[in-house]
Amino acid sequence: MYYGFDIGGSKIALGVFNQERRLQWEKRVATPKSSYEDFLQAVEALVREADERFDQQGSVGIGIPGMPETADGTLYAANVPAASGRQLRADLSARLGRDVRLDNDANCFALSEAWDDEFTQYPLVMGLILGTGVGGGIIANGQLVRGVHFTAGEYSFVNTNAEAWDAPDQNMACQCSTSNLLKWYRARKALPEDAPLDGRSFFAAANAGEPEALEVLRRFCHAVAVQIYNLTVLLDVEKVAIGGGISKQPLLLESLRSAYDGLYASRAGQAYMEGLPRCQIVPCAFSSEANQVGVAAAYFEAMQKKC
């Protein structure tokens with residue numbers, strides 16, 4: 001058995017996969033924010049529960065935001081402060097008595113697409129997560145593109161305004177995130193900045209045809225579509241798989257495709273536009289389980305290389 005963990009700022013999700021790469025069991029708990037010890041105990045408790053359930057010691061892999069391992073083995077994960085600055089892989093390995101694999105959660109998301117049979121026929125696929133921030137990765141010929149410094153696909157750092165280079169919010173992490181979508185909606189509705197709001201309630205309003213919600217959604221999708229256009233022109237990808245909680249909303253995909261097509265339509269007749277590539281924008285294959293599937297994919301990929 002293989003235990004794939006998706007760890008974020010609010011939840012720790014475990015998915016257990018068999019050798020046929022099929023999900024056998026899953027469980028989620030809240031991410032402890034009190035201390036590193038509490039965090040380690042939460043992960044260990046899930047591993048022990050899985051060991052007992054399947055009567056064996058499964059291999060452990062973890063997808064987590066940030067930089068999973070630096071030269072000295074230190075984890076940097078701003079969204080998981082209880083574990084950031086710690087040597088998580090080494091500490092868990094010692095605690096569990098087995099090897100632990102650690103990877104960036106966005107890379108895991110991208111790898112999950114490579115695991116989907118439909119995507120294996122495409123030479124270049126891009127995964128884009130629209131969540132609290134923005135993440136993703138690039139799959140070329142079924143393999144994750146990591147880059148020399150293991151930071152390939154860090155879309156969140158892409159600057160979105162050359163005229164405001166020093167502005168801290170002029171990047172994809174801020175402009176193209178669900179957090180920013182909700183920020184724009186609060187402003188449009190003249191709500192307090194801390195007014196309770198989430199993706200579900202926003203899309204409930206948008207799906208009901210509320211003009212303010214639809215206006216904000218169009219603005220948001222235009223911002224995301226421009227960056228998909230930039231990345232598509234740069235890399236000539238064939239498919240962009242959208243992840244994150246809001247990717248389950250058909251209205252988001254419909255609006256995003258419309259915004260993307262509109263970029264080409266607005267410059268129709270300009271000769272240079274005619275030869276530029278266009279990609280397909282699709283929802284991710286494994287929905288909210290994508291990161292766990294991706295960790296498992298990374299593990300099985302590593303095992304195949306050893307054979």
Side-chain angles (χ1 to χ4, degrees), residues 4-15 23 26-33 63-65 78-80 105-106 108-110 112-113 116 127-136 155-156 169 171-225 227-228 240-260 281-294:
F5 279 90
D6 175 20
I7 297 180
S10 60
K11 60 90 173 57
I12 297 174
L14 166 64
L23 181 66
E26 59 183 338
K27 185 173 182 178
R28 297 185 175 209
V29 299
T31 302
K33 297 178 171 59
I64 194 166
N79 287 354
V80 192
D105 62 339
C108 293
F109 165 75
S112 73
E113 295 301 315
D116 179 33
L128 186 63
I129 305 173
L130 307 178
T132 305
V134 175
Y155 311 139
S156 57
D169 62 344
N171 53 58
M172 281 185 69
C174 295
Q175 297 297 310
C176 300
S177 64
T178 304
S179 302
N180 198 51
L181 170 68
L182 300 180
K183 176 183 176 181
W184 281 344
Y185 184 59
R186 289 189 184 95
R188 181 65 181 83
K189 296 280 288 184
L191 299 172
E193 291 184 2
D194 59 350
L197 185 65
D198 58 21
R200 290 180 181 176
S201 54
F202 170 82
F203 276 97
N207 284 313
E210 182 190 276
E212 294 89 347
L214 292 175
E215 176 189 325
V216 169
L217 181 61
R218 283 192 293 269
R219 179 186 176 189
F220 174 76
C221 287
H222 176 77
V224 176
Q227 298 310 320
I228 291 177
V240 174
I242 305 297
I246 63 174
S247 68
K248 298 178 182 179
Q249 293 287 338
L251 182 59
L252 172 74
L253 274 297
E254 176 187 326
S255 301
L256 190 51
R257 290 172 184 140
S258 177
Y260 181 73
I281 299 174
V282 300
C284 65
F286 294 98
S287 190
S288 56
E289 286 75 43
N291 289 0
Q292 296 157 264
V293 172

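Between Leu217 and Leu252 the shortest side-chain heavy-atom distance falls below 4.5 Å. Looking at Pro32 and Ile12, their side chains come closer than 4.5 Å, going by heavy atoms from C-beta outward. Leu251 has its side chain within reach of Leu214: a pair of non-hydrogen atoms, C-beta onward, lies under 4.5 Å apart. In this structure, Ile7 and Asp105 have side chains that are not in contact, with every pair of non-hydrogen atoms separated by 4.5 Å or more.
Judged by distance alone, the side chain of Asn180 and the main-chain N or O of Lys183 form no donor-acceptor pair under 3.5 Å. In this structure a side-chain-to-backbone donor-acceptor pair under 3.5 Å is missing from Ser177 to Val134. In this structure, the side chain of Ser247 does not engage the main chain of Pro283 through any donor-acceptor pair within 3.5 Å.
Applying the ring pair (Phe, Tyr, Trp, His ring centres under 6.0 Å) rule to Phe202 yields the partners Tyr185; only residues at least two apart in sequence or on another chain are considered. Every salt bridge (Lys or Arg N to Asp or Glu O under 4.0 Å) that Glu210 has, sequence neighbours left out, goes to Lys189.
Considering every non-hydrogen atom in both Gly63 and Cys108, the closest pair reads CA-SG, 3.9 Å. The nearest pair of heavy atoms linking Cys176 to Ala223 is SG-O, 3.8 Å. The minimum heavy-atom distance linking Phe109 with Cys284 is given by the pair CE1-CB, 3.5 Å. Minimum heavy-atom separation, Leu130 to Ile246: O-CG1, 4.0 Å.
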After noting the C-alpha distance and the side-chain angles of Arg186 and Asp194, does the key distance pass the salt bridge (charged side-chain N to carboxylate O under 4.0 Å, His left out) rule? CA-CA 9 Å; Arg186 289 189 184 95; Asp194 59 350; over 6 Å; no
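Residue pairs meeting the side-chain hydrogen bond (donor to acceptor under 3.5 Å, both in side chains) criterion with at least one member in residues 212-223, sequence neighbours excluded, are Arg188-Glu215.
For the side-chain contact (heavy atoms from CB on, under 4.5 Å) test with Leu128, the passing option among Ile281, Ile228, Leu256 is Ile228; the others fail.
In summary, Arg28 and Asp6 do not engage in a salt bridge, as defined by a charged side-chain N under 4.0 Å from a carboxylate O.
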